[in-house]
Every structure is written in structure tokens, then in C-alpha cells.
Amino acid sequence: MSKMINLTINNMPVSVEEGTTILEAAKKLSISIPTLCYHEDLCVAGNCRVCVVELVGMRTLQASCAVPARDNMQILTNSMKVRQARRHIIELLLSEHNADCTKCYKNGNCELQELSNEYRIGNRLFADLVTEKNYTIDQSSPSIMKDDSKCIRCQRCVRTCSELQAVSALAVSGKGNHMKISSFYDHPMHEVVCTNCGQCINRCPTGALIERNYIDEVWEAIYNPNKHVVVQTAPAVRVALGEELGYDPGERVTGKMVAALRRLGFDSVLDTDFTADLTIMEEGTELLTRLKKALVDGDTSVSLPMFTSCSPGWIKFIEHMFPELLPNLSTCKSPQQMFGTLAKTYYAQRKNIDPKDMVSISIMPCTAKKFESVRPEMRDSGFQDVDYVLTTRELAIMIKQAGINFMQLEDDKYDRFMGDSSGAAVIFGATGGVMEAALRTAYELVTGREVPFANLNITPVRGMEGVKEASIKIENVKADWSFLEGAELKVAIAHGLTNAKKLMTAIRDGKASYHFVEVMACPGGCLGGGGQPIPTSPEIRKKRTEAIYAEDEGLPIRKSHENPEVAAIYADFLSEPLGHKSHELLHTHYKARKRY
Amino acid sequence: METKKLSRVDYIFKPETNCIDTLKKVMTMEKEEFILELIDSGLKGRGGAGFLTGLKWKLAAEAAGDVKYVICNADEGEPGTFKDREILDRVPYKVLCGMALCGYIVGAREGFIYLRAEYRFLVPKLRKAIADLNVEFLKIGLTFSIDIRFGSGAYVCGEETALIESMEGKRGEPRNKPPYPVTEGYLGKPTVVNNVETFVNCVIIAGIGHQEYKKFGTDNSRGFKLFSVSGDCSKEGVYELELGMSLQDFVDEFGDGDTKAVQVGGASGFCVPRKKFPDTIIGFEGIPTGGSMKIFNSSRSMYNVLHNYLEFFEEESCGQCSPCRVGCQQLLKGIVAVKRREKSSPYLDELMKLAETMKVASKCGLGQSVGNAFVSIIENFREEIVY
Ligand SMILES: Cc1cc2nc3c(=O)[nH]c(=O)nc-3n(C[C@H](O)[C@H](O)[C@H](O)COP(=O)(O)O)c2cc1C
Ligand code: SF4
């Protein structure tokens with residue numbers, strides 16, 4: 001154990017491990033100190049200064065988030081000196097902030113607003129600095145809106161984009177009164193390397209970065225009597241939506257969510273999990289085919305390892321940053337997009353609806369899905385496959401608008417057609433989940449036996465480590481797969497694009513070799529997505545993860561290939577994985593993009 | 001309090017004949033012994049902050065690690081300072097030997113001069129001096145190499161941690177302290193950052209010994225110092241003076257006979273009005289300065305002076321921390337509003353309180369010192385701001 005430090009905070013003694021900051025030490029005493037630039041996921045910046053505290057004997061105040069506790073420190077977190085400074089700082093931030101709170105999308109979930117309220121900042125002491133700057137809102141991206149007039153320059157987004165995501169689409173430009181957060185030479189957001197992951201949105205304390213919301217468009221569709229509106233929900237939404245509606249993190253609200261969607265007026269409430277299962281069939285088959293071509297046919301044009309392609313933030317990242325590895329990407333569309341095409345083909349045919357009269361909505365933990373839905377590649381049904389993508393947060397807003405008392409709802413079930421799922425699909429929402437789902441199916445396909453892990457839980461691919469590796473020995477295979485006899489299938493998993501970059505660099509430079517690699521753009525996977533409730537923290541991600549695995553264990557079917565609807569769609573519509581129709585509807589290719 | 005009469009000295013610019021001999025002498029001493037010598041000399045950094053140089057070297061020497069760096073801060077960005085340029089131009093060998101001395105003592109084999117971009121014209125001279133000394137260092141068995149890095153014009157990059165960030169190719173933003181550069185500096189390694197003039201003083205102390213050095217200056221401000229004299233003065237230029245004189249003596253020597261105020265220490269320093277000249281000591285017991293002494297006569301509007309400084313800070317704040325970034329803009333806007341009668345004069349008191357917040361809550365020395373000029377000018381020349 002490391003050395004213990006003894007100090008007092010507000011005259012109360014506390015003992016903490018060496019290296020603990022004053023802020024953390026204060027938490028131990030249940031003293032909360034306000035913060036703005038501080039975020040548990042990010043390195044300490046110490047630039048907003050609202051967390052300053054008095055260190056008795058020092059002239060200057062100390063940023064409690066940045067200064068480690070030392071022996072015999074006497075800290076005051078609420079002295080007159082501290083209060084004066086903190087008040088001033090809040091007033092200063094408000095003076096450069098377009099505090100149009102009642103009209104702000106983040107009204108009610110804004111850390112600056114909260115602080116201003118706590119300190120009862122009434123009159124405006126200082127001059128308004130917003131008007132003269134003539135800000136414009138960047139609405140160019142289908143996923144993200146950037147409004148500099150709301151920005152308080154805490155640089156959480158900058159640190160998110162560089163530290164967690166290795167993208168650096170957002171950076172600081174200018175100094176002094178011109179200092180601001182910029183994209184590359186202030187190019188519009190849709191032109192730069194931004195992956196649309198929305199992690200910045202998730203960490204923005206104010207309304208400077210928000211999702212492009214399509215709530216009104218969706219209401220329009222619902223109330224248009226000529227439209228048949230279908231909605232699909234991604235696996236990670238059901239373990240997070242509750243946070244917006246009164247539950248503690250980690251509550252599974254699948255049944256209530258379905259009930260709420262029905263009350264909102266969607267014509268059909270369906271599950272993205274169905275196409276997650278389908279993805280496993282397609283992607284698993286693709287992997288086995290690639291392996292066969294490489295190992296048996298000696299086809300050198302086959303690219304291995306194969307990468308998953310479910311995460312649209314990851315797709316855009318590889319397009320910008322590692323275009324040379326694009327051939328390694330699975331050609332499978334993401335579950336959202338598979339669902340989109342099938343809704344306007346398979347579903348439309350079955351229900352005898354003209355696809356032009358359909359509106360296809362998806363509820364996603366993700367902002368990159370908004371961009372994905374408008375990609376030109378995503379129109380294989382003959383229409384835009386998915387019309388509007390809403391985040392978990394937007395769905396919560398709709399539920400509130402509709403006056404639904406969410407906590408009182410009776411659990412309901414998805415519609416029967418394209419609404420069935422397996423536990424394997426649910427775990428798509430957690431890092432390692434696609435891998436686990438794929439292994440459950442592929443292993444069984446090849447050997448005829450279940451994966452050799454207790455209760456189907458492939459624990460080595462689970463957890464929050466940035467890059468995970470695992471291998472699984474394949475023995476006693478079925479005759480068709482004899483070329484895999486004795487093979488050691490090597491896999492790797494990365495979540496968060498900084499980890500993806502590490503892994504990709506190693507693969508590109510030949511320093512690591514695998515057969516199959518899963519990448520999710522967001523830390524923790526989709527459950528930590530940029531469209532999830534704010535705040536998201538390591539603790540909250542953990543809770544959501546537990547909920548996801550609990551959901552999996554609670555389902556009767558836990559392997560994608562056992563989903564009866566999957567069998568049905570191959571029998572009735574697609575004929576076989578990787579078949580002609582699959583290729584037409586479920587697969588696509590991506591291309592290199594510029595790097596700024 | 002101990003004071004000294006104004007007296008000119010000539011140590012810093014004295015021809016640099018025996019720096020190498022001095023280095024050789026130190027190399028026969030125990031390192032701890034020289035550190036004590038430096039601490040006993042009482043030398044405080046000449047870059048403005050006035051940290052005890054011997055202590056800084058001691059901390060760096062004790063810091064763990066076999067890779068350490070020495071950085072000579074030649075960014076000289078403080079408005080009204082131009083003494084480091086003079087030193088580098090006239091006695092570059094002393095600066096370089098001072099850096100080598102530091103390297104030897106703290107265990108660093110590499111040094112950098114962080115040179116103000118406008119001083120590029122000094123590069124040929126510096127490169128030649130570096131080349132000459134490489135030969136000499138080799139002869140006496142000293143392993144130390146020196147390279148030059150350029151600033152790109154931001155005042156804040158003179159702040160040591162912003163300087164280090166900038167050397168690492170990043171945006172010049174000050175870091176949180178602790179950790180201090182002596183433990184985690186350039187590339188995360190223990191690093192000594194000293195001002196140009198500080199290094200020269202170290203060589204002088206090594207040459208004459210701390211006993212001799214201590215004869216100059218006062219208890220709190222040992223030695224002598226270069227002053228960059230400008231403004232409404234009889235003779236502007238760089239002067240080497242013993243520390244501890246009163247501002248009155250200084251004004252009598254350099255003023256134009258009609259001095260109204262002196263800004264001691266540049267934009268980040270303090271403005272002293274005429275009536276306080278006799279009681280103001282130039283030094284750490286009174287008003288310290290990195291060298292800048294700007295003299296204003298009665299023709300000057302102190303409103304304009306303050307406006308000018310605030311414009312400077314508004315632009316030169318790195319912009320990362322809220323008190324400084326926004327505070328500078330508010331102070332500037334505030335005095336303009338008062339001048340224009342858009343705000344009444346009690347608003348100045350609100351601004352004074354804000355300036356106090358900036359002093360205690362800003363992240364680095366820049367934001368912390370904006371209040372110096374602001375408060376001292378408003379306190380002493382309030383009527384000029386209001387009317
Ligand atoms: C905004 C700002 C600008 C500074 N500019 C300089 C400079 O140009 N030259 C300098 O030597 N020190 C400058 N300093 C002080 C340095 O941070 C540091 O204290 C100094 O280089 C240490 O050397 P010394 O102990 O020899 O004075 C500046 C400090 C601040 C806050
Ligand atoms: S005080 Fe000013 S210069 Fe220093 S870190 Fe803050 S904003 Fe930057």
C-alpha cells in the first residue's frame with residue numbers, strides 16, 4: 001500500500017493515499033467541490049478554475065482537481081476568499097456564454113446552469129461578450145451541432161477527441177480573447193476527420209456540442225396518417241434509457257421502453273437485435289469464407305484479420321486514418337442498416353406495404369448512426385434505408401413530451417416479425433460482445449459443439465481493458481471444416497478509437513497477427529456511446545455492462561443461429577448467408593477519405 | 001530595512017576571458033559544495049519570479065533520472081525588457097558556460113536556448129560560440145551540448161511550462177504545477193529553466209565566490225541586475241546596477257525631470273506614482289523587476305497606459321483558464337465603459353475585486369499578475385481613469 005497523507009479539509013481530518021487530489025480527498029468527506037473542466041474519463045486540465053480551494057498559508061488558491069494532497073495541508077473549500085473567486089469565475093463564464101437557457105436544447109442538463117443556479121447568480125455584473133463575436137452555429141454535420149456561443153472553453157471535447165478517440169477533429173485555436181475550439185481551419189464539421197462518435201457531446205458541460213436532433217421530424221411521421229412508421233431499438237438503449245427517466249444506472253427497461261414506443265404511436269416496434277443476429281450469420285460466414293480462401297485455396301488477395309463493421313464511428317475512422325486496411329473490414333453493414341434495408345424490402349413485402357409509404361426510425365446509443373443513415377451506400381432498398389436516427393436521449397425527450405409516466409408502465413413485448421432476438425445480439429452493446437456472439441455461433445457451426453466456456457460466457461473477451469486478446473482452439477471439427485482442425489483462432493478487441501489506433505498500428509506494421517478483430521468506436525462499446533445519457537462515467541459504464549450481460553443470461557435463446565426469425569428469413573427471403581440477395585442488401589464497401 | 005545607493009557595476013558585460021577556467025575550477029569541487037555556494041550567494045532568478053536559483057539547481061540535482069535538461073529562457077517577452085538580447089549579443093560565452101555549469105551540477109548533458117523569434121539575428125553568433133565551446137568542453141572533459149529553439153511570438157511562452165510545451169511541439173499553454181519542471185519538465189524529465197541573466201550570474205558567482213558576490217545588494221536582493229530603461233527618460237538603455245536602491249534614486253538618475261510614474265517590472269509589474277518613489281525599494285523587499293523600467297512623465301495619460309497593458313493581456317493570455325481569458329476582456333471593457341460613462345465609477349471597485357480574483361485564481365503567472373498593473377494604476381490614478 002502506498003503512503004498515507006493526513007490533511008484537514010474544512011477543519012475535518014482526512015487520510016488519503018499519496019497522489020490523491022484535494023478534490024478526491026474532499027469526496028471522502030462527502031464535501032463536493034464544483035467542477036467544470038474535470039471529467040473522470042479525461043486527463044486533468046485545471047483550466048476552468050471553479051474548483052479552486054484555499055490552502056491556508058498560500059496566497060494563491062489551488063485547483064483542487066489538479067493539486068495532490070500533501071501532509072498537514074489545511075484546506076478550506078468554502079471560505080470567503082474561495083466563494084468570492086468562485087462566484088467571479090461563474091459570472092465570467094456566463095459573460096462569454098450565450099445563456100439563453102430557456103431556449104437551449106440542454107436546458108436542465110447543463111453544468112454551468114446548475115452552478116449558476118447553485119450560486120444564485122442573478123444580476124449580470126459583467127459586460128456581455130457574446131454578441132460582438134457574431135457566432136454562427138455549425139449545423140453541417142448530420143450528427144453533431146457546434147455552437148461556439150455556448151462554449152466555455154473547458155476543453156473536455158478537445159481532450160475527448162484526442163485522448164480517448166485519437167481523432168483530434170477538435171482543437172484549440174487562437175489565444176486570448178480569440179481562443180476557441182476549432183475544427184481544422186474552422187472547416188465545417190462534416191468536412192473534417194470527425195467520426196461523429198459524439199463522445200464530445202457526451203462530455204460537453206453546456207449546450208455547445210449537441211446532437212442534431214430529429215424529434216420533430218419523427219413526430220411528423222408518426223402523426224402522418226399516410227405513413228407506416230417502424231422503429232428499431234439498439235441493444236444498448238435498453239440498459240441506459242432508464243437513467244433519463246428516473247432510474248439509477250444499470251436498470252434494464254426493455255419492456256417499459258417497448259410499451260412507451262407503442263404509446264408514442266409507432267406502427268411497429270421492432271428490435272435491432274434481430275439484425276444483430278443476422279450480422280453474426282453473415283459476418284461469421286464471411287470470416288469462415290475468408291479463412292478457407294486463405295488457408296485452403298491459398299488465395300493471397302484475402303485480407304486477414306477481418307475487422308467488424310458495426311460501429312459507424314469506427315468505419316469513418318478507418319476511412320480517414322487507416323484506408324490501407326479497408327480491405328480487412330467486413331463487408332457487412334451495421335445491424336441498424338441491415339434492419340433499414342430489410343424493413344423496406346422483406347418487412348414491406350410481408351406486410352404488403354409500399355416502401356415509399358414507410359418511415360424507418362431507429363433508436364440508437366449513438367450519434368454516428370445519424371451520419372451512417374444518410375451515407376449514399378445506405379439506399380439498397382431503393383430508398384434511404386433508415387430515415388431518422390434518434391439517440392437514447394432524444395427518445396427520452398419524446399417520452400417526456402408525450403406525458404408518459406415511464407416508471408409506471410407495464411412491460412410490453414416487441415412485435416413478432418423482426419422483433420425476436422437472442423442474448424448474443426443483446427451483448428453487441430458491450431465491448432467484446434460482437435466477438436462473443438460470433439464465437440458462440442462460429443465455433444458451434446464448425447465443431448457442432450457449444451463454445452467451451454461455462455454458461456456460454458466467454459469471459460476473456462469481456463471487460464474494460466482497452467485492447468483485449470484471446471484465442472480459442474478449434475478441435476474435432478465437422479467434416480466440412482476439416483481445414484480448421486487444430487487451428488488456434490486468434491482474436492482481438494478494441495474499444496475507444498485511441499485503442500483502435502494502437503491495435504491498427506500494430507496490425508499494419510505486422511507486429512500483431514489475428515484472425516478476427518472487433519472494434520467499437522466508443523469506450524465500453526455502444527453502452528458508452530455518444531448518444532447515451534449524460535453523464536456517462538466509468539462507474540455508469542460498468543453498471544450498464546452488468547445490465548447487458550444480465551439481459552443476455554435472462555433470455556431463452558443466447559446464440560444468434562438459434563433465433564427462429566433468422567432461420568425464417570434465410571428460408572423465406574435471403575436463402576443463405578453471403579448469398580446473392582445478402583450481397584445486394586446487407587453488404588457494402590467503404591472508401592478512403594481525406595485526413596483533416 | 002537595508003538599502004543601497006544607486007551604483008553602477010560592471011560584472012555582467014565584463015569581457016569573458018576565463019569562463020572555461022571557472023568551469024574547470026567548479027569541476028574540482030563537490031557538486032553539493034557548489035550548490036551551497038550558490039544558495040549562500042542569495043541569487044534569485046532574474047526572469048521575474050525570483051525563485052532562489054541555488055535551490056532550483058539542488059532540486060533538479062536531487063531529482064531521479066539520468067536524462068535531464070537545461071533550458072535558457074531567452075524569450076524576453078515582457079514589454080520594456082531588452083536586456084537578455086544585450087547579454088546574448090555581447091557575452092554569449094558566459095550564458096553558454098552558465099548553462100554548461102548547470103548541466104554539470106544537476107547532471108544534464110543537453111541544453112536548449114529558447115530564443116525569442118525576433119532575436120534570430122543572434123543565431124550566427126550563438127552558433128559560433130556553441131561550436132567554439134564544444135571544443136573547449138571536450139578539452140576539460142565536460143559532456144554538454146547546446147541547441148537553439150525558437151519561440152513564435154507568444155508572450156505566454158516565456159512562462160516556463162508553456163515554454164516546455166512549446167518546445168515539445170504543442171500549443172504553448174502553461175501546465176498545472178506541481179509537478180514543477182525540476183522534477184517533470186521537458187519530455188517529462190527533470191529540467192532547469194533559468195533566465196539568460198541568471199546563468200551569467202551563476203558563472204560570476206563561481207568565479208568570484210559567494211562572499212564577494214554577497215557584498216552587493218541587500219538581504220533580500222543579493223547582487224546586481226540589468227535594467228532596461230525606457231519611456232520618458234534622459235538616457236534609455238541597459239544599465240547594470242546594484243540591487244536595493246530606492247526608486248527615487250533611480251528616477252533622479254534616469255528620469256527626464258518630470259516623472260509622474262514608473263512601471264516597474266513591465267506589463268506584469270506595478271505602477272508606482274511619484275509620491276511613493278522615496279519609499280519604494282527596487283528589489284524583492286520592495287518591487288521586484290525582471291528588468292523592465294518604464295518611465296512616464298506628466299504628459300502621459302495613465303488611462304491610455306492601462307488601456308494599452310490590458311489590450312496586451314487580452315491578446316496574450318493563452319486563453320485556457322477562465323479568470324484570465326475572460327477577466328482580461330472584462331477589465332478592458334470595464335475601464336472603457338467607465339470612461340465613456342456607460343458605467344459609473346463604483347464599477348471600478350467591482351473590477352478591482354475581479355482583479356484580486358484573477359491574482360489568486362488564475363492558472364499561471366500571466367493571469368496572476370494582470371491585477372498588479374490594474375490595481376496599482378487604479379489606486380493611484382483613479383481620477384485619470386474616470387474623467
Ligand atoms: C507570462 C510569463 C512570461 C514570462 N516570460 C519570461 C521571459 O520572457 N523570460 C524569462 O526568463 N522568464 C519569463 N518568465 C518567468 C519564467 O516562468 C520562469 O520563472 C523563469 O524563466 C525562471 O528563470 P529564473 O529563475 O532564472 O528567473 C515568464 C513568466 C510568465 C508568467
Ligand atoms: S493565467 Fe492566462 S496565460 Fe496563464 S494559463 Fe490562464 S489563461 Fe493562460
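Bear in mind the structure is a predicted one, so any value in this text is a computation, not a measurement. Protein chains get the first letters and strands the later ones, always in sequence-line order, with residue 1 at the start of each. FYI, side chains are in, hydrogens and waters are out, and symmetry mates aren't considered; it's all heavy atoms of this structure.
Between chain A and the options Cys328(B), Cys324(B), Pro178(B), Pro323(B), the largest number of non-hydrogen pairs under 4.5 Å is found for Pro323(B). Ranked by non-hydrogen atom pairs under 4.5 Å with chain B, the options Ala85(A), Cys154(A), Ala66(A) are led by Ala85(A). The most heavy-atom pairs under 4.5 Å with chain B, out of Gln62(A), Gln84(A), Met179(A), come from Met179(A). Per-residue heavy-atom pair counts under 4.5 Å with chain B were compared for Gly46(A), Pro68(A), Cys37(A), and the maximum is reached by Gly46(A). Heavy-atom pairs under 4.5 Å with chain A peak, among Pro179(B), Gly172(B), Gly319(B), at Gly319(B).
Looking at Lys81(A), the atoms closer than 4.5 Å to chain B (heavy atoms on both sides) all sit in the side chain, from C-beta outward. Of the atoms belonging to His88(A), it is side-chain heavy atoms, and not backbone ones, that fall under 4.5 Å from chain B. Interface remark: Glu356(B) contributes no atoms to any contact with chain A (heavy atom separation under 4.5 Å). For Lys343(B), the part lying near chain A is the side chain, with the backbone staying farther off; criterion is any non-hydrogen pair under 4.5 Å. For Ala337(B), no part lies near chain A; criterion is any non-hydrogen pair under 4.5 Å. Looking at Cys318(B), the atoms closer than 4.5 Å to chain A (heavy atoms on both sides) all sit in the backbone: N, CA, C or O. Using a 4.5 Å cut-off between heavy atoms, Ala171(A) does not touch chain B at all. Contacts of Gln330(B) with chain A are made by side-chain atoms alone, with heavy-atom separations under 4.5 Å and no backbone atom involved. Neither the backbone nor the side chain of Val82(A) comes within contact range of chain B; no heavy atoms are under 4.5 Å apart. Only the side chain of Lys333(B) has a heavy atom closer than 4.5 Å to any heavy atom of chain A. With a threshold of 4.5 angstrom between heavy atoms, Leu92(A) approaches chain B through its backbone and through its side chain. When heavy atoms are compared at a cutoff of 4.5 Å, Glu173(B) approaches chain A solely by way of its side chain, counted from C-beta outward. With a 4.5 angstrom heavy-atom cutoff, Phe313(B) does not touch chain A via any of its atoms. Ala127(A) touches chain B through backbone and side chain together, each having a heavy atom under 4.5 Å away. When heavy atoms are compared at a cutoff of 4.5 Å, Gln155(A) approaches chain B solely by way of its side chain, counted from C-beta outward. The contact between Val44(A) and chain B is made by backbone and side chain atoms together, counting heavy-atom distances below 4.5 Å. In this structure, no portion of Leu36(A) lies under 4.5 Å from any heavy atom of chain B.
Closest non-hydrogen pair, Ala45(A) versus Arg159(A), comes out as CB-CZ, 3.4 Å.
In summary, the side chains of Ser292(B) and Glu78(B) do not present any donor paired with an acceptor at a separation below 3.5 Å, with no hydrogens or angles considered. Asp147(A) and Ser149(A) share a side-chain donor-acceptor pair at under 3.5 Å.
Between Glu184(B) and Arg175(B) there is no salt bridge, since none of the side-chain N atoms of the basic residue sits less than 4.0 Å from a carboxylate O of the acidic one. Comment: Glu379(B) does not engage Lys276(B) in a salt bridge, judged by the lack of any side-chain N to carboxylate O separation of less than 4.0 angstrom. Under 4.0 Å is where a charged nitrogen must lie from a carboxylate oxygen, and between Glu24(A) and Lys28(A) no such pair does. Between Glu316(B) and Lys175(A) there is a salt bridge, with a side-chain nitrogen of the basic residue lying less than 4.0 Å from a carboxylate oxygen of the acidic one.
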Open item on the list: Would Arg149(B) and Ser166(B) count as a side-chain contact (heavy atoms from CB on, under 4.5 Å) here? Give the steps.
Closed with: CA-CA 10 Å; Arg149(B) 297 287 176 87; Ser166(B) 144; over 6 Å; no
Open item on the list: Quick one, Met73(A) with Val67(A), criterion side-chain contact (heavy atoms from CB on, under 4.5 Å). Give me CA distance, side-chain angles, the key distance, then yes/no.
Closed with: CA-CA 11 Å; Met73(A) 269 182 165; Val67(A) 177; 4.0 Å; yes
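Ring geometry for His307(B) against Tyr303(B) counts as tilted: the plane angle lies between 30° and 60°, on a 0 to 90° scale.
For the side chain to side chain donor-acceptor pair (under 3.5 Å) with Tyr119(A), the qualifying choice from Glu114(A), Arg86(A), Arg87(A) is Arg86(A), the only one to do so. Across Val192(A), Val193(A), Val167(A), a single residue satisfies side-chain contact (heavy atoms from CB on, under 4.5 Å) together with His320(A), and that is Val193(A).
Inter-residue side-chain proximity for Tyr309(B) and Cys271(B) is flagged as unmet; no heavy-atom pair is nearer than 4.5 Å.
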